[in-house]
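All remarks here apply to the structure that follows.
Everything quoted here is computed from the prediction, not taken from an experiment.
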Amino acid sequence: MAEGDSLVRIARKLRPVMLDREIVAASAPNQRSSLRVHARRLEGRTVESIETRGKHLLIHLDEGLSLHSHLGMNGGWRVDDGRGFGKPDRLAWLLLELEEAGDDGSAHAGAEARPSAAGDPRPLIRVGQFGGTTLRLVRTAELARDSRLALLGPDILGQDFDLESAAARIRSSPDEIGVTLLDQRLVCGIGNIFKSEACFEAGIDPWRPAASLAVAGGGAASAGSPEVDDESAEESRDEAIRLLQTARQQMQAAVETGRRPGRIYKKAGRPCFRCRRARIRSRGQGEDNRTTYWCPNCQT
């Protein structure tokens, strides 16, 4: 499942093999690909930058073009390490072949260059995109007017993420906490896994109204909440700040290690990792009926 941490890891994987390199060949083998007609427009373009916005990946090219990708539940970007993509090429929504060396002549890292299938004598890097909900080529200037991007809240993994401001946005929601955390218009990047894991780690009931989250000076935090060593006592009493800080730290750790916390997600029916007094419960939440996992004893 592509949440914000996955996108950051994908961007880190793609930058060394794509930045400042020319796209020599581009195709869209999958009949369902939205780029079947436009893939060839990528040929000759140079990749200038790669950024993430929550669950969106943006690959900016020269001449004012950008690739906009949203991977949904099952999509992914892959780099051929010389053994293929692990999936047949015919399933790719987009296949890119890039020159092996950048403008400075340096070799790429993280993948073994291989000759083009079209017989190009230059060693080339192969990158593929499989699945997802969005893959489109647009003018970079149009991204600022795209409602899906313009309406995004602050990125929880962004370097300039403002905890206090984001906490105020969360508390302003009329929905339950579990639903609110998935609202990308408030804070973007959090998905179903970190929704449940962050609420559990912070000791907060995901079924409470978001407006009920205690603010600093407004009373003690929820029963069973763990202490937060790197925050002041005042901040630890602000439940919205503590919750977002927990989610951010969990996601930052996942970016670095590739491992997500697994204390509660998909653990329904098992004894609670923390209290051992109750079993983990699960139930669909919100209009989208996304499954929420929680401990009825620890999260009150």
Donor-acceptor pair, distance only, cut-off 3.5 Å: does the side chain of [X] make one with the backbone of [Y]?
X      : Y      : result
Ser33  : Trp93  : yes
Glu239 : Val215 : no
Ser173 : Thr180 : no
Arg260 : Ala254 : no
Asp155 : Gly54  : yes
Lys87  : Ala92  : no
Arg274 : Phe200 : yes
Gln285 : Pro206 : yes
Asp205 : Thr300 : no

With a 4.5 Å cut-off on side-chain heavy atoms, are [Y] and [X] touching?
X      : Y      : answer
Leu157 : Thr52  : no
Asp238 : Arg171 : yes
Val138 : Leu143 : yes
Arg78  : Gln129 : no
Glu99  : Ile125 : no
Met251 : Ile190 : yes
Pro29  : Leu91  : no
Ile170 : Val187 : yes

Can you hop from [X] to [Y] via hydrophobic side chains spaced under 4.5 Å?
X      : Y      : answer
Leu98  : Leu58  : no
Val179 : Leu152 : no
Trp294 : Leu181 : no
Tyr293 : Leu182 : no
Phe194 : Val8   : yes

Derivation and outcome, side-chain hydrogen bond (donor to acceptor under 3.5 Å, both in side chains), residues Ser69 and Trp77 | CA-CA 10 Å; Ser69 168; Trp77 285 83; 3.2 Å; yes
Cation-pi between Arg283 and Trp207: NZ/CZ under 6.0 Å from ring centre and within 45° of the ring axis?
->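 Yes; both conditions hold, so Arg283 lies above the ring face of Trp207.
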Report the distance from atom [atom1] of [X] to atom [atom2] of [Y], rounding to the nearest 0.5 Å.
X      : Y      : atom1 : atom2 : answer
Arg32  : Asn30  : CZ    : CG    : 6.5 Å
Ile59  : Leu65  : CD1   : CG    : 12.5 Å
Lys55  : Thr133 : NZ    : OG1   : 10.0 Å
Leu163 : Leu243 : CG    : CG    : 10.5 Å
Gln31  : Arg36  : CD    : CZ    : 4.0 Å
Cys295 : Arg279 : SG    : CZ    : 11.5 Å

Are [X] and [Y] within salt-bridge range, i.e. N to O under 4.0 Å?
X      : Y      : value
Asp62  : Arg45  : yes
Arg40  : Glu43  : yes
Glu197 : Arg263 : no
Lys195 : Asp183 : no
Glu256 : Arg12  : yes
Arg21  : Glu48  : no
Asp175 : Arg208 : no

Closest non-hydrogen atom pair between [X] and [Y], with its separation:
X      : Y      : answer
Arg276 : Pro271 : NH1-CB, 4.1 Å
Ala11  : Leu57  : CB-CD1, 4.1 Å
Ile177 : Ala210 : CG1-CA, 3.7 Å
Gly153 : Cys188 : O-SG, 3.3 Å
Leu35  : Leu137 : CD2-N, 3.7 Å
Ala39  : Leu94  : CB-CD1, 4.3 Å

Say whether Gln250 and Glu201, considering side chains only, have a donor N or O and an acceptor N or O under 3.5 Å apart.
-> no
Does a donor on one side chain sit under 3.5 Å from an acceptor on the other, for Ser196 and Arg290?
->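 Looking only at side-chain atoms, Arg290 and Ser196 do not form any donor-acceptor pair under 3.5 Å.
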Could you check Arg136 against Asp146 for salt bridge (charged side-chain N to carboxylate O under 4.0 Å, His left out), going step by step and ending with a plain yes or no?
-> CA-CA 12 Å; Arg136 62 194 187 112; Asp146 187 287; 2.3 Å; yes
Determine, step by step, whether Asp162 and Arg169 satisfy the salt bridge (charged side-chain N to carboxylate O under 4.0 Å, His left out) criterion, reporting the C-alpha distance in whole Å, the side-chain angles of both residues, the deciding distance to 0.1 Å, and the verdict.
-> CA-CA 11 Å; Asp162 186 329; Arg169 297 169 69 92; over 6 Å; no
Show your reasoning for whether side chain to side chain contact (heavy atoms under 4.5 Å, CB included) applies to Cys199 and Gln299.
-> CA-CA 8 Å; Cys199 284; Gln299 296 168 260; 3.7 Å; yes
Quick check, are the ring centers of Phe130 and Phe85 under 6.0 angstrom apart?
-> yes
With side chain to side chain contact (heavy atoms under 4.5 Å, CB included) as the test, would you mind laying out the steps for Leu95 and Arg126 before giving the verdict?
-> CA-CA 7 Å; Leu95 283 180; Arg126 301 177 73 237; 4.3 Å; yes
Stepwise side chain to side chain contact (heavy atoms under 4.5 Å, CB included) test for Met18 and Val127 = CA-CA 9 Å; Met18 295 186 73; Val127 175; 4.2 Å; yes
Take Leu149 and His56, measure what side chain to side chain contact (heavy atoms under 4.5 Å, CB included) needs, and give me the verdict at the end.
-> CA-CA 8 Å; Leu149 298 173; His56 298 260; 3.7 Å; yes
